[in-house]
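By convention in this document, chain letters (A, B, ...) are assigned in the order of the sequence lines, proteins followed by strands, and residues within each chain are numbered from 1.
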Protein chains: 2
Amino acid sequence: MTVRKFAMTDASFERSPGQDGEVFAGNVVDQRHGGPITIGFGRYGPDQSIDVTLAVDDVMVVLEGRLSVSTASSKASAGPGEIIYMPKGQSVTIRSHEHGAVTAYVTYPHWQEALE
Amino acid sequence: MTVRKFAMTDASFERSPGQDGEVFAGNVVDQRHGGPITIGFGRYGPDQSIDVTLAVDDVMVVLEGRLSVSTASSKASAGPGEIIYMPKGQSVTIRSHEHGAVTAYVTYPHWQEALE
């Protein structure tokens with residue numbers, strides 16, 4: 001694979017696995033491309049909440065809106081231009097707020113393969 | 001390591017290795033933290049240009065300004081909210097434009113270790 005540029009419009013969004021809320025993920029680079037990492041965009045509707053146990057190391061860069069991520073012992077909140085790092089193995093609740101949120105994400109290794 | 005949130009103000013910026021221009025990188029997560037990936041913020045002054053051969057897979061999310069990345073056979077340009085993926089082994093020229101740029105980056109594996 002060569003150098004590539006991606007915009008949100010390049011992503012095909014699908015509902016986040018095991019969720020029935022308005023939380024969508026759209027990979028633009030993943031296991032199909034032969035590299036070690038998955039890259040994509042995330043889209044959260046207003047006031048959504050999902051519980052996830054991280055099968056991979058997951059980095060979210062907030063592009064729009066705000067997300068709060070809580071664990072049993074911590075809480076972090078990030079707005080545009082800020083990063084939330086969720087190490088593999090952590091159990092988290094990710095919440096969006098009244099305006100929803102848009103993220104760019106990178107996972108190592110590929111999150112879809114880790115869920116299989 | 002638990003879940004962490006990072007803002008640009010958490011980064012200690014250093015001049016990009018081997019460069020003498022106004023291009024700075026500030027890791028917020030790296031080999032010191034025990035995980036597989038490095039996370040950080042990048043800052044480019046106006047009209048800078050650096051040549052890099054990628055020792056790692058490198059993802060840049062443009063937060064402010066614009067960056068253009070060219071290889072011998074391709075050119076990609078990204079603005080706020082867009083992603084540039086530079087696979088390991090690629091030789092690239094990264095250019096900023098009149099307003100400079102700010103990025104969030106993720107590398108696998110750790111770029112500082114790969115340069116040693």
> If Ile, Leu, Val, Met, Phe, Trp and Tyr residues are connected whenever their side-chain heavy atoms lie under 4.5 Å apart, and connections chain through other members, are A/Val102 and A/Leu67 in the same group?
Replying inline: no
>> Are the side chains of B/Ile84 and A/Phe6 in contact, using a 4.5 Å heavy-atom criterion?
In response: no
>> Which residues pass the salt bridge (charged side-chain N to carboxylate O under 4.0 Å, His left out) test with A/Lys5, not counting sequence neighbours?
In response: B/Glu82
> Tell me, side chain or backbone of A/Thr2 under 4.5 Å from chain B's heavy atoms, or both, or neither?
Replying inline: both
> Out of curiosity, does B/Ile83 fall in the hydrophobic cluster containing A/Val56 (side-chain heavy atoms, cut-off under 4.5 Å, transitive links)?
Replying inline: no
>> If I measure from the heavy atoms of chain A, does B/Leu63 come under 4.5 Å with its side chain, its backbone, both, or neither?
In response: side chain
>> With rounding to the nearest 0.5 angstrom, report the OH to CG distance, B/Tyr108 to A/Asp57.
In response: 10.5 Å
> Would a 4.5 Å heavy-atom cut-off, applied to side chains only, mark A/Tyr85 and B/Met1 as touching?
Replying inline: yes
>> Let me check something: do A/Met8 and B/Val59 share a hydrophobic cluster, defined by ILVMFWY side-chain heavy atoms less than 4.5 Å apart, either directly or through other members?
In response: yes
> Taking every heavy-atom pair that is under 4.5 Å apart, which of A/Ile37, A/Val92, A/Leu54 has the most such pairs with chain B?
Replying inline: A/Ile37
> Closest approach of A/Ala104 and B/Val61, non-hydrogen atoms and distance?
Replying inline: CB-CG2, 4.0 Å
>> I'd like to know which of A/Gly35, A/Ser73, A/Gly79, A/Ser77 tops the heavy-atom pair count under 4.5 Å against chain B.
In response: A/Ser77
>> Among B/Asp58, B/Val28, B/Ile39, B/Thr71, which residue has the highest count of heavy-atom pairs closer than 4.5 Å to chain A?
In response: B/Ile39
> Would A/Phe24 and A/Tyr44 show up in the same hydrophobic cluster when neighbours are defined by side-chain heavy atoms closer than 4.5 Å?
Replying inline: no
>> With chain A as the partner, which of B/Pro109, B/Pro36, B/Ser74 has the greatest number of non-hydrogen pairs under 4.5 Å?
In response: B/Pro36
> Do A/Val106 and A/Trp111 belong to the same hydrophobic cluster, where Ile, Leu, Val, Met, Phe, Trp and Tyr are linked whenever their side-chain heavy atoms lie under 4.5 Å apart, directly or via other members?
Replying inline: no
> Checking heavy atoms, do the side chain of B/Ser70, its backbone, both or neither come under 4.5 Å from chain A?
Replying inline: neither
